[in-house]
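The basis for the numbers below is simple: all heavy atoms, side chains too, and nothing from hydrogens, waters or symmetry mates. Values in this document were obtained by computation on a predicted structure and should not be read as measured data.
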Amino acid sequence: MPVKIQDIFQSTLWTNDVINEAPELQNILNSGLFRTNADLERVVNSTSAGSRFELPYIDEPDYTEPLGMDDSNNEISADKISWSNQFAVLGLYARSFGYMNIVEAIKRDSDPAKVLRDILARYWARDLQNRIIASLNGIADKAGDALTLDVADDSSDGADVILNASIIIDGASLLGDMQDNFKFMFMHSKVYADLKKQNLIMTIQPAEVGAEPILMYGNYRVVVNDLMPVIQGDNKKKYVTLLAQTGIFAYAEKKLGGDLPLLEVYRNPLKGNGAGSTQLISRRGFVLHPIGWSWKKSGMNPKINDLNTANNWEMKFKVKQQKFVRIITN
């Protein structure tokens, strides 16, 4: 007898904590790219929470040489140390999955509830990865040349400039003495293939059964995604690679419940001329915010394209305090 969603659905199983146990999502959240912000999480889940949240920080003054003390009547003036704010935005998202497709996947497994949880976790893990990359693209566009190394060739007869070890070092050096803090590389699959041809990519297989392989370039964790921008020049394509430090994103979960359960089974008896249809609806609420930047667009629930748009961001930290650089090659 086929397994039905109703047969394995227990509302007590479907919590954010359980969803986060899936290997694909756990690897992303525990990679160091995120730092769960307790203050932000408390505000996000307060009874008075709205859709925009303040993340205060101290705006330190630039360095100036200290004064030499003497016996004059001159008075020392105080440099201003002020508080400023960056703004983050809440996202509430839902995804519906077809009944029969899921049933086919789970009915052959001895633990169908686990299979169903893994299906959902893999989807939301991919969603988070896409939002990370889109946000980094958007803020890199906003930062401009100060955080961008563009060495791509666009001439009709020039040689392609592909990413290599020397270019990576030059890109990281845009942050001066902070260059050794980078831990992640986000790249297009074409750039990934270029590095593989140079034998610069190492693959690590985690001990956990079924866990996804981890791609490394030296001490950098490599994330390959074709959402990374491809710029069409006059003659050639240019590919964007991003280097990022740990802790670049603050992350907080919005606890759902009541009228917005994390997971819900919905049957519409009117569909199919009365045969009915069954849907599984998965929901998540969270704030994913790059530290040192402020979200400008009004409203909530930013789409991938919104995150990828430079004018939706405002840089709050100085260039030297940023946690990423962008490299453009062929």
Trainee: Could you pull out the closest heavy-atom pair between Leu147 and Leu174, with the gap in Å?
Mentor: C-CD1, 3.8 Å

Trainee: Walk me through it: do Leu260 and Lys254 pass the test side-chain contact (heavy atoms from CB on, under 4.5 Å)?
Mentor: CA-CA 11 Å; Leu260 279 179; Lys254 174 76 171 177; over 6 Å; no

Trainee: With respect to Lys297, which candidate in Leu307, Thr309, Asp306 satisfies the side chain to side chain contact (heavy atoms under 4.5 Å, CB included) definition?
Mentor: Asp306

Trainee: Heavy atoms only: give me the nearest Val89-Pro302 pair and the separation to one decimal.
Mentor: CG1-CG, 3.6 Å

Trainee: Counting distance only, does the side-chain N/O of Asn330 pair as donor-acceptor with the main-chain N or O of Ala152 below 3.5 Å?
Mentor: no

Trainee: Do you know which two heavy atoms are closest between Pro261 and Arg283, and how far apart they sit?
Mentor: O-NH1, 2.9 Å

Trainee: Taking only distance into account, with no hydrogens and no angle test, what donor-acceptor pairs under 3.5 Å do side-chain atoms of residues 236-243 form with protein atoms, sequence neighbours excluded?
Mentor:
unit_1	atom_1	unit_2	atom_2	d
Lys236	NZ	Asp153	OD2	2.8
Lys236	NZ	Gly158	O	2.4
Lys236	NZ	Asp160	OD1	3.1

Trainee: Which atom names give the shortest non-hydrogen contact between Pro290 and Phe249, and what distance separates them?
Mentor: N-CD2, 3.5 Å

Trainee: Among all residues two or more places apart in sequence or in another chain, which pass the side chain to side chain contact (heavy atoms under 4.5 Å, CB included) test with Ala165?
Mentor: Tyr217

Trainee: Would you say Phe87 ends up clustered with Ile291 if hydrophobic residues are merged whenever their side chains have heavy atoms under 4.5 Å apart, either directly or through other cluster members?
Mentor: no

Trainee: Tell me, with the steps shown, if Asn137 and Phe186 meet side-chain contact (heavy atoms from CB on, under 4.5 Å).
Mentor: CA-CA 10 Å; Asn137 289 338; Phe186 294 82; over 6 Å; no

Trainee: Determine whether Ile162 and Thr329 make a side-chain contact, defined as any pair of heavy atoms from C-beta on separated by less than 4.5 Å.
Mentor: no

Trainee: Do the side chains of Phe324 and Leu149 join up, straight or via other hydrophobic residues, at under 4.5 Å, putting them in one cluster?
Mentor: yes

Trainee: Report yes if some heavy atom in the side chain of Lys190 is under 4.5 Å from a heavy atom in the side chain of Val230; otherwise report no.
Mentor: no

Trainee: Is there a side-chain contact between Ile248 and Leu136 in this structure, where contact means two heavy atoms from C-beta onward sitting under 4.5 Å apart?
Mentor: yes

Trainee: By the side chain to side chain donor-acceptor pair (under 3.5 Å) test, which pairs, at least two apart or in different chains, include something from residues 285-295?
Mentor: Gln86-His289, Trp293-Gln322

Trainee: Is there a chain of hydrophobic side chains (I, L, V, M, F, W, Y, each step under 4.5 Å between heavy atoms) that links Tyr251 to Phe317?
Mentor: yes

Trainee: Would you say that Asp141 contacts Arg326 through its side chain, given a criterion of any heavy-atom pair below 4.5 Å between the two side chains?
Mentor: yes

Trainee: Going hydrophobic residue to hydrophobic residue with side-chain gaps under 4.5 angstrom, can you get from Ile231 over to Ile304?
Mentor: no

Trainee: Taking all non-hydrogen atoms of both residues, which atom of Thr203 and which atom of Pro213 are closest, and how far apart?
Mentor: CG2-CB, 3.7 Å

Trainee: Can you find a pair of side-chain heavy atoms, one from Leu175 and one from Gln245, that are under 4.5 Å apart?
Mentor: yes

Trainee: Looking at Lys320, I'd like to know if its NZ atom is crowded, meaning that more than 12 non-hydrogen atoms belonging to other residues, nucleotides or ligands lie closer than 6.0 Å.
Mentor: yes

Trainee: About how many Å separate CD of Gln321 and NZ of Lys316, when rounded to the nearest 0.5 Å?
Mentor: 12.5 Å

Trainee: How many angstroms lie between OH in Tyr123 and CZ in Arg284, if you round to the nearest 0.5 Å?
Mentor: 11.0 Å

Trainee: Do Met187 and Tyr220 sit in the same hydrophobic cluster, where Ile, Leu, Val, Met, Phe, Trp and Tyr count as joined when their side-chain heavy atoms come under 4.5 Å apart?
Mentor: yes

Trainee: What residues, two or more places apart in sequence or in another chain, satisfy side chain to side chain contact (heavy atoms under 4.5 Å, CB included) together with Asp127?
Mentor: Trp124, Arg131, Phe286

Trainee: side-chain contact (heavy atoms from CB on, under 4.5 Å) between Val151 and Asp170: does it pass, once the steps are laid out?
Mentor: CA-CA 10 Å; Val151 294; Asp170 289 341; over 6 Å; no

Trainee: I would like to know whether Ser282 and Arg95 meet side chain to side chain donor-acceptor pair (under 3.5 Å); could you show each step before the answer?
Mentor: CA-CA 5 Å; Ser282 177; Arg95 183 72 163 89; over 6 Å; no

Trainee: For Ser189, which residues count as a side chain to side chain contact (heavy atoms under 4.5 Å, CB included) partner, sequence neighbours excluded?
Mentor: Val224, Asp226

Trainee: Which residue in the set Leu200, Leu215, Asn225 passes side chain to side chain contact (heavy atoms under 4.5 Å, CB included) when paired with Tyr192?
Mentor: Leu215

Trainee: Residues two or more places apart in sequence or in another chain: which of them pass side chain to side chain contact (heavy atoms under 4.5 Å, CB included) with Met202?
Mentor: Ile204, Met216

Trainee: Quick check: do Ile167 and Val161 have side-chain heavy atoms less than 4.5 Å from each other?
Mentor: yes

Trainee: So which atom in Met185 and which in Leu163 form the shortest heavy-atom distance, rounded to 0.1 Å?
Mentor: CE-CD2, 4.1 Å

Trainee: Roughly how far apart are Ser173 OG and Ile168 CD1, rounded to 0.5 Å?
Mentor: 12.0 Å

Trainee: Please determine whether side-chain contact (heavy atoms from CB on, under 4.5 Å) holds for the pair Asp180 and Asn219, giving the CA-CA distance in whole Å, both sets of side-chain angles, and the decisive distance to 0.1 Å.
Mentor: CA-CA 10 Å; Asp180 291 333; Asn219 292 327; over 6 Å; no

Trainee: I want to check something: taking the side chain as every heavy atom from C-beta on, are Ile133 and Met228 in contact at a cut-off of under 4.5 Å?
Mentor: yes

